[in-house]
Amino acid sequence: MKNSSPVAVIDSGVGGISVLKELIKLMPYENFIYFGDNKNAPYGTKSAEEVCALMMANVEMLINKGAKAIVIACNTATAAAAKQLREKYTQIPIIGIEPAIKPSASYKENSNVLVMATPLTLKQEKIHDLMDRFCDDVNIITLPCPGLMELVEEGKTEGVEIDNFLKKLFEPYRNISFDSVVLGCTHYPHVKNAIKKALGGDVMIFDGGEGTARETKRRLCELGLENNTNQKGEVIISCSDSEKDIKPLAKRLLNA
Ligand code: DGL
């Protein structure tokens with residue numbers, strides 16, 4: 001494995017581009033291969049076993065392509081498969097993402113925190129353990145959002161359709177004033193502005209992208225795997241569905 005080998009970034013579609021953005025910001029000299037498994041999307045309404053099997057195949061393929069590290073830029077896949085992937089692929093650092101519950105809980109005492117994520121993420125033990133640690137300090141409400149990633153995959157990040165979807169989604173909570181929102185799915189930062197608008201502009205938004213980028217940098221440095229160059233890295237975007245190329249949308253979201 002060479003220092004110039006790429007860091008692989010995986011998601012079920014274009015969601016992980018929100019993490020890739022943070023990775024490039026922090027490590028502009030690294031080479032990246034982004035892989036969106038859009039043929040098998042969404043992950044969030046599948047079983048943990050199905051997602052785990054898909055991720056095993058994805059990681060195997062990316063290691064064979066020469067990746068020096070794997071970033072699971074998907075909360076659902078991290079919760080369902082990170083442990084098993086780390087047990088199997090011990091030769092390579094595997095970094096996951098987790099919902100930013102900790103920073104949102106320390107943002108304001110006794111506040112109302114809304115955690116948005118996929119149905120599968122919210123079913124996993126991992127997120128419940130995390131929430132249990134902070135439930136004495138803040139009032140946490142979880143909200144599964146099936147259908148939201150699909151709108152992002154269609155490129156509907158602003159406009160009437162997304163506004164109506166969010167209005168309906170938040171309707172049962174219209175009497176609660178949320179102080180912060182945790183975006184527990186990497187697709188949601190792409191619709192951060194619409195979420196802010198739907199909940200009222202004052203709400204504070206947290207996501208795990210920046211923390212994941214920092215952790216990736218830390219692991220690469222620890223292992224002496226950073227790309228020692230002062231030339232801007234290359235970013236390759238690929239996906240599993242040859243009929244639905246994610247590149248145009250991925251580039252738009254990367255530059256947004
Ligand atoms: N972007 C993914 C996440 O962070 C999941 C979207 C999906 O495939 O349901 O959870």
Side-chain angles (χ1 to χ4, degrees), residues 8-23 34-59 70-83 85 94-101 104 114-128 130-131 142-157 162 165-166 169 181-192 194-195 205-213 215-216 237-241 244 246 249-250 253-254 256:
V9 182
I10 318 176
D11 179 48
S12 57
V14 294
I17 295 290
S18 62
V19 182
L20 180 62
K21 221 172 170 171
E22 300 296 337
L23 287 161
Y34 183 88
F35 178 70
D37 189 10
N38 59 338
K39 194 173 171 190
N40 298 301
Y43 278 4
T45 47
K46 289 190 165 51
S47 70
E49 291 70 28
E50 279 176 287
V51 172
C52 194
L54 291 167
M55 286 300 293
M56 286 285 176
N58 293 339
V59 168
I70 304 283
V71 177
I72 313 173
C74 173
N75 294 261
T76 311
T78 301
K83 189 168 168 274
L85 289 166
I94 298 180
I95 299 97
I97 184 164
E98 65 178 33
I101 292 174
S104 70
L114 181 68
V115 178
M116 298 171 69
T118 68
L120 181 56
T121 298
L122 291 174
K123 268 189 234 152
Q124 301 291 297
E125 215 180 295
K126 209 172 150 97
I127 194 163
H128 289 278
L130 196 60
M131 289 190 299
T142 57
L143 178 61
C145 312
L148 185 49
M149 80 76 83
E150 286 86 339
L151 285 177
V152 176
E153 286 297 311
E154 287 166 24
K156 292 173 181 149
T157 51
I162 189 80
F165 179 93
L166 293 171
L169 185 71
V181 179
V182 176
L183 304 181
C185 166
T186 55
H187 278 79
Y188 308 165
H190 298 309
V191 286
K192 184 176 164 171
I195 292 172
I205 310 253
F206 292 91
D207 77 75
E210 203 189 318
T212 303
E215 177 60 10
T216 305
I237 294 171
S238 62
C239 64
S240 52
D241 189 345
K244 253 195 274 153
I246 61 166
L249 177 60
L253 296 172
L254 198 55

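Each ligand, and each atom within it, is numbered from 1 in the order the structure gives. Bear in mind that the values here come from a model prediction, so they are computed numbers and not experimental data.
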Students should find this: residues with any non-hydrogen atom under 4.0 Å from ligand 1. What is the answer? Asp11, Ser12, Pro42, Tyr43, Gly44, Cys74, Asn75, Thr76, Thr118, Met149, Cys185, Thr186, His187

Residue pairs meeting salt bridge (charged side-chain N to carboxylate O under 4.0 Å, His left out), one or both in residues 10-23, sequence neighbours left out, come to Glu22-Lys25

If you measure only the distance, is there a donor-acceptor pair under 3.5 Å linking the side chains of Glu215 and Thr212? no

Under a 3.5 Å cutoff, is there a donor and acceptor pairing between the side chains of Asp37 and Ser12? no

If the condition is side-chain hydrogen bond (donor to acceptor under 3.5 Å, both in side chains), which residues does Glu150 pass it with, not counting sequence neighbours? none

Partner residues of Thr118 under the side-chain hydrogen bond (donor to acceptor under 3.5 Å, both in side chains) criterion, sequence neighbours left out: Thr76, Thr121

Any donor-acceptor pair under 3.5 Å from Lys46 side chain to Asn40 backbone: yes

